[in-house]
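Below is one structure, written out as structure tokens; the observations come after it.
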Amino acid sequence: MFFSGSPVNTAKIQCIVVKTYGQWWQSLHRTMLRGVLGKTFRLVGYTIQYGCIAHCAFEYVGGVLMCSGPSMEPTIQNSDIVFAENLSRHFYGIQRGDIVVAKSPSDPKSNICKRVIGLEGDKILTSSPAGFFKSHSYVPKGHVWLEGDNLQNSTDSRYYGPVPYGLIRGRIFLKIWPLNDFGFLRNSPNGHRFSDE
Amino acid sequence: MAQSQGWVRRYFKAFCKGFFVAVPVAVTFLDRVACVARVEGASMQPSLNPGGSQSSDVVLLNHWKVRNFEVQRGDVVSLVSPKNPEQKIIKRVIALEGDIVKTMGHKNRYVKVPRGHIWVEGDHHGHSFDSNSFGPVSLGLLHAHATHILWPPERWQKLESVLPPERSPVQSEEDCLQGSP
């Protein structure tokens with residue numbers, strides 16, 4: 001809107017424009033913007049709060065996981081849903097025969113799910129048990145020896161060596177899905193792997 | 001009487017509400033974003049603890065920077081000790097996966113760092129329990145990146161990611177990929 005005219009008129013018109021704009025902004029702020037901004041901040045606040053509670057629960061108590069892969073058959077099949085607890089890891093209560101979930105030694109962003117065969121200091125049979133020449137090795141300090149239950153189809157410590165205890169994330173103790181297999185997990189079908197004499 | 005009881009109940013409710021908000025947020029922040037730690041030992045002299053046991057440095061540990069396990073050669077990092085999971089050690093990253101390192105005191109003269117592992121060493125060679133003793137460490141054990149020294153105030157500084165030239169890898173992964181002889 002352009003008015004050609006005297007400076008006084010122009011100044012008056014500018015005043016009116018500014019005042020109208022100011023009133024428009026104030027009413028917008030009072031009704032819409034404050035409500036929307038307030039709601040957004042509240043939503044962000046709740047997200048952060050529940051995210052932190054979820055982190056604490058997963059890190060210090062336990063969580064639900066889905067396992068994929070054939071390396072723990074028949075104990076855990078592909079796409080089974082299990083419940084893992086993290087208290088044993090923090091209190092150093094992982095024992096031989098426990099099924100643990102750990103970070104993969106060669107890829108820290110993926111997890112592996114195996115059974116603990118030996119703790120530090122144990123003697124592990126590294127050759128095939130049916131072979132003639134048996135070779136043993138000792139699990140070093142601060143490490144564990146992990147093997148899958150499906151020995152024919154499992155990449156585990158027999159391939160990448162003993163795994164540091166610090167990589168263990170939690171202990172799996174309960175299978176939730178499928179429902180016909182609900183319950184605590186069985187002992188290892190490979191009992192002979194536990195001999196440490 | 002009823003009014004004072006009402007006040008106590010209101011206070012209790014507010015306390016519980018604050019507690020269940022503040023504690024998880026604080027714990028998550030210290031686990032995921034940053035925390036502070038005191039450095040013990042002489043394995044990183046002269047960068048850390050040059051005064052020995054008289055004054056221990058306090059460093060800022062940044063978890064956020066290593067959330068995707070991305071580290072560079074020369075970074076000072078803290079990790080879970082592979083020999084003792086209850087302890088955290090603080091060392092400098094010397095080599096990344098694929099690099100070939102010339103070791104000092106390891107049973108093999110040259111070691112190629114496997115996939116998903118790093119080679120760490122303390123700055124005070126000979127007084128350091130590091131990869132020369134226990135070999136390459138898995139990246140999953142990485143805890144945080146030490147970025148600044150916070151205490152004592154006269155040692156307030158940023159920790160530079162500088163790799164000592166005599167410890168640079170014999171052949172790095174980039175050299176291998178470019179096919180240099």
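Chain letters run A, B, ... following the sequence lines, proteins first and then strands; every chain starts at 1.
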Taking every heavy-atom pair that is under 4.5 Å apart, which of A:K141, A:K103, A:Q49 has the most such pairs with chain B? A:K141
Does some side-chain heavy atom of A:P164 sit less than 4.5 Å from a side-chain heavy atom of B:L141? yes
Which residues in residues 114-130 of chain B have any heavy atom lying under 4.5 Å from a heavy atom of chain A? B:R115, B:G116, B:H117
Are B:L30 and A:I53 grouped together when hydrophobic residues (ILVMFWY) are joined by side-chain heavy atoms under 4.5 angstrom apart? no
Enclosure of B:E154 CD (heavy-atom neighbours >12, cutoff 6.0 Å): yes
Tell me, yes or no, whether the heavy-atom count around B:K102 atom NZ, taken from other residues, nucleotides or ligands under 6.0 Å, exceeds 12. no
Cluster link A:Y165 to A:I112, ILVMFWY, side chain under 4.5 Å: yes
Considering non-hydrogen atoms only, spot the tightest contact between B:P85 and A:Y92 and give its length. O-OH, 3.5 Å
Joint hydrophobic cluster, A:I176 plus A:I76, side-chain heavy atoms closer than 4.5 Å: no
Does one hydrophobic cluster hold both B:V77 and B:V58, with members joined at side-chain heavy-atom distances below 4.5 Å? no
Taking all non-hydrogen atoms of both residues, which atom of B:S138 and which atom of A:S104 are closest, and how far apart? OG-O, 4.2 Å
Closest contact, heavy atoms only, B:T28 versus A:H55: OG1-CD2, 3.5 Å
Looking at B:L79, B:V137, B:L139, B:V80, which has the largest count of heavy-atom pairs under 4.5 Å with chain A? B:L139
A:Y138 atom OH: more than 12 heavy-atom contacts under 6.0 Å: no
Residue from A:G166, A:A57, A:G51, A:S106 scoring the most non-hydrogen pairs under 4.5 Å with chain B is A:S106
Are there more than 12 heavy atoms of other residues, nucleotides or ligands under 6.0 Å from atom CD of B:Q72? no
Toward chain A, the part of B:F29 with a non-hydrogen atom under 4.5 Å: neither
Check whether A:Y60 gets within reach of chain B through its side chain, its backbone, both or neither, counting any heavy atom under 4.5 Å. side chain
Taking a hydrophobic cluster as the set of Ile, Leu, Val, Met, Phe, Trp and Tyr residues connected by side-chain heavy atoms closer than 4.5 Å, whether directly or through intermediates, do B:L60 and B:W151 fall within one such cluster? yes
Counting only heavy atoms not in B:F20 (residues, nucleotides, ligands), do more than 12 fall under 6.0 Å from its CZ? no
Contacting moiety of A:Y160, where chain B heavy atoms sit under 4.5 Å: neither
So do the side chains of B:P82 and A:H143 get within less than 4.5 Å of each other, counting heavy atoms only? yes
Distance in Å, B:R32 CZ paired with A:E59 CD, rounded so as to fall on 0.5 Å steps: 6.5 Å
Checked B:V23, B:D31, B:V27 vs chain A; the most non-hydrogen pairs under 4.5 Å come from B:D31
